[in-house]
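I have placed the structure first, in the form of structure tokens, so that the comments after it can refer back to it.
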Amino acid sequence: MVLSRGWSLFLLGVGVWTWLIWPRFGLAIWNDPRAWSTGTVGEGAPTGFLWVHALLIAASLAIGTTVGVLGVRGWRAARQPTG
């Protein structure tokens, strides 16, 4: 199956969007007092709040990377002549 250039560009955009948004969200979670057992950023043990969000961020980045790679591969395949 060959993706159209439009869908390939959409998938690539989703991958880029993922990498623009999720790292910033990770920084916000890191700086949230609920992420630390003492309520002070960077002090004490990480809480479940931090671990759950870290897992969500890691999964989202992995999925976004995969989608972006599929977009790049689809874009390249759409440029090549068939046959």
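If you read the sequence from its start, that first residue is 1, and numbering goes on from there. Nothing here was measured: the structure is a model prediction, and the numbers come from that model.
- Contacts of Trp30 classified as side chain to side chain donor-acceptor pair (under 3.5 Å), with partners at least two apart in sequence or in another chain: none.
- There is a path of hydrophobic side-chain contacts, each under 4.5 Å, that joins Ile29 to Val41.
- Remark: Pro23 engages Trp19, Leu61 in a side-chain contact (heavy atoms from CB on, under 4.5 Å) (not counting sequence neighbours).
- Pairing each heavy atom of Gly74 with each of Ser8, the nearest pair is C-OG, 3.1 Å.
- Under the rule for a side chain to side chain donor-acceptor pair (under 3.5 Å), the partners of Asp32 that lie at least two apart in sequence or sit in another chain are Arg34.
- In the hydrophobic clustering of ILVMFWY residues, with side-chain heavy atoms under 4.5 Å counting as a link, Leu9 and Val67 come out apart.
- Between Leu27 atom CG and Ile57 atom CD1 the span is 9.5 Å, to the nearest 0.5 Å.
- Every residue meeting the side-chain contact (heavy atoms from CB on, under 4.5 Å) condition with Trp17, not counting sequence neighbours, appears here in chain and number order: Ile21.
- Atom CH2 of Trp7 has 12 or fewer heavy atoms from other residues, nucleotides or ligands within 6.0 Å.
- Among residue pairs with one or both ends in residues 66-76, none qualify as side chain to side chain donor-acceptor pair (under 3.5 Å); sequence neighbours excluded.
- Legend: side chain to side chain donor-acceptor pair (under 3.5 Å) pairs involving residues 35-57, not counting sequence neighbours: none detected.
- The side chain to side chain contact (heavy atoms under 4.5 Å, CB included) with Val52 is formed by just one residue from the set Leu55, Leu56, Leu50; it is Leu56.
- Across all non-hydrogen atoms, the minimal contact from Leu11 to Gly71 is CB-CA, 3.7 Å.
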